[in-house]
Amino acid sequence: MNLLYTLEPGIRNQLALDSQEELWYCSPYDLDDGKNYLQNSYLAVSTERIFLIRCGKLRYEIPLEQCRDVVCQTFTDCGMVKVIMKEPSMVPRGFIPQDGMEINGEFLLARFTLRHMVRIAYIAEGASLLAKGLKQKVVSLEPEESCPKCGRHLPGTRSCPHCDGRKESVRKLKVLCKPYAKRFLLVSLLMIASSAFALVTPKVQQQFIDHSLLQGNGTLSSILSFVAVMLTMTLLSIAVTVVKNLYCTSLGATISVDLRQKMFYKLQSLSLSYVQSRKPGDLMQRISSDSIRIRRFMEMTFGRMFSSLFSMILALLYMFFINWKLTLISLVFFPLAAAISFSQRKQMRRRFRKLHKMGDHVSSQLQDVLSGIQVVKTYGKEQEEAQHFMELSKDYAKVQTSNTIFFNCFTPILTFLLGLGTYAVTYFGGLEVLHMDMTFGTLNQFIAYAAILYGPLEQLVNLPKSIVEILNSLERIYDILEEESSLKSPENGVRPVLTGMVDIKDVTFGYKAYEPVLKHIHLHVNPGEMIGLVGASGIGKSTLINLIMRLYDVDRGAIYMDHTDIRNMDLNYLHAQLGVVLQETFLFSGSILDNIRFAKPEASLDEVIHAAKLANAHNFICSTVNGYDTVIGDQGYTLSGGERQRLAIARALLHNPKILILDEATSNLDTESEYLIQKALERLMKSRTTFAIAHRLSTLRHADRLVVLDHYGIAEVGTHEELLAKKGIYYGLVTAQLQLFENR
């Protein structure tokens, strides 16, 4: 998201920036104090001052050294940003207080509609940091919801089709085709050969008609020769066409497969926040449906397009050579048909974009219901979900029907207009034959070339439909492929030998940078130490371990492992040092052996069995029908919760990590399963640095240290006994849980 809009020179000159002063942030705002709409109004922040520009004029400025904080607030109908001065008596430079106004050190900077909320919230956070003396620039990785140039809502992509225009679409098409340049060249040569046979045939027919039939010079030998030549040319034409079509099909399939692989690999490299911000159905549609549309274009449209274009050009040149007047007559309706076709290209683009968006909604709804089918059935909501899906499907069908009606009416009109040219050629050409100005064979040849011309012309006037569809799919595909990952493995990422020491230094993080979840976290963890993370739900415990695993990057501060910033470590190497056991264990729809081996595919069967025994999983695995080869179904639905957890522990043991992450690993289990899992975890945690989260505080009482999170930061640190003695937050949590169990 753009946090620095470009100001017009006249407005920027009013800011009178010093030589050492940089403009870091600038965003438009659109409401005055009375909530009336404004134009050409901006909130700007330099490294030294805050500026408010209203209707192109600098209204007032505030030195950041006078500010204690800058706050953004959201209301139901608008948002506002205000500045809190260090001294209550301070006022912004240029601010004129109204009669009776109380000066309390808080001043409203700007009001704005909610479309600017996210952008200005980021800028307020950046200004707040500068006011506190921290010269750390806030960066937004969120996509724009509307185009900064034209204000139109973006259709699920980062680029605006209205502003980026044809050049951007052509660039993406070039990028798509470049790896297959040689194969495209071969297809083009096959197209030229196919077109050559089509162009020679009318000339052979004209010679036979004029010199053998009409003049009476024909013999049985000449007829047989004509038939043999035509048969040979037809067979060769068919052979070339078949090879061309097969090659186009192969090329289309190759491009489609390559695009799917690229998108899948790209999604694997993108940050968790990006993937979670998109609907699963949207991503699935882009990987499957959009790549299929490109394959279909290569197979059905591209193969005919260049061949037809080559045939059309040569046919047109030869028609001018035969009779230029008739040629002009044949083309008289083409400009009208082309103008109608190209005038509707934006309408076509809107229709395809709406169709694809509705398809994304249908796929996402289907994905949600299938993923949560157990919840749906548990609450007896089958009918409601079926009704919801039916309504979405009906809306999708309406869009499809509307598009079909549009194209079924549009295409015949264009075909009819072009057909009028054929009738005109037949009429005026017939007159020339009657007046002996043209031979019948020449007229037949001319009409044949006109047919070769009109076929491609019909395709060309319908070509915008196909091109709009593929360009829309390319937008959606390259929106993923050109996405910059916020989590990058450095090119020369280091691979230090880790002992398990972790240092968290002054870490601040929010899933949205302007809404911190954790602030100024400091924690040193020794190798082999077990750290229990404690706190109320939503306080940031899982967020902290996500940062340690580098599923997200910190906004400020750093996390070190053995004195190495994890951002400088090879990302794959870092993740190879981590073992994770979560509350909701994810198992793949394969065999038990495959699921345990997922962490270490090259592991031998003996290694897998040893890990399973340590995890107390070997006995129940042997009791299944096929032992380690038993297929457990999607997400392991055939296993109990305790059995799934033990497989997850076996997977982590096989991985042999330096640092272990346990997130509610023993919750929602029966007593026997919890006992078995607790024993397995004790083996797993031995000599490993461990971060554990558990709502049942009794499971953490043997941790080396407990870290209590509260109000964005660390409130208490100590052992179970030390924290109970303090009678602080931890004491209150333990007391509340004991009372809860006593009341049961």
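Not measured: the values here are computed from a predicted model.
Proximity of a side-chain donor or acceptor of Ser402 to a complementary backbone N or O of Lys398 within less than 3.5 Å is not detected.
In Glu491, the CD atom is not crowded: 12 or fewer heavy atoms of neighbouring residues, nucleotides or ligands sit closer than 6.0 Å.
Residues forming a side chain to side chain donor-acceptor pair (under 3.5 Å) with Arg597 (at least two apart in sequence, or on another chain): none. The side-chain contact (heavy atoms from CB on, under 4.5 Å) check on Val243 picks up Leu190, with sequence neighbours excluded. For the side chain to side chain donor-acceptor pair (under 3.5 Å) test, no residue two or more places apart in sequence or in another chain qualifies with Asp629. Listed by chain and number, the residues in a side chain to side chain donor-acceptor pair (under 3.5 Å) with Thr624 are Thr630 (sequence neighbours excluded). With sequence neighbours left out, the side-chain contact (heavy atoms from CB on, under 4.5 Å) criterion links Asp570 to Ser489, Arg495, Asn572, Tyr573. Partners of Thr401 under the side-chain contact (heavy atoms from CB on, under 4.5 Å) rule, at least two apart in sequence or in another chain, are Ile405. A search for side chain to side chain donor-acceptor pair (under 3.5 Å) contacts involving Ser591 returns Asp594, not counting sequence neighbours. Residues that satisfy the side-chain contact (heavy atoms from CB on, under 4.5 Å) test with Leu231, not counting sequence neighbours, are Leu235. Evaluation of the ring pair (Phe, Tyr, Trp, His ring centres under 6.0 Å) rule for Phe598 yields Phe588 as partners, not counting sequence neighbours.
For the pair Leu251/Ile255, a side-chain contact is recorded, criterion being any heavy-atom separation below 4.5 Å from C-beta on. Contact of the Gln387 side chain with the Met390 side chain is registered, since non-hydrogen atoms from C-beta on lie closer than 4.5 Å.
Separation of atoms OH (Tyr628) and CG (Leu605) is listed at 7.5 Å; rounding is to 0.5 Å. Rounded to the nearest 0.5 angstrom, Ile477 CD1 and Lys266 NZ are separated by 14.5 Å. One finds the CG atom of Asn626 at 12.0 Å from the CG atom of Leu593 (value rounded to the nearest 0.5 Å).
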One pair to check against side-chain contact (heavy atoms from CB on, under 4.5 Å): Leu186 and Lys182. What are the steps and the verdict?
CA-CA 6 Å; Leu186 180 57; Lys182 292 182 179 179; over 6 Å; no

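Considering all non-hydrogen atoms of both residues, Asn595 and Arg651 come closest at O-CD, 3.0 Å.
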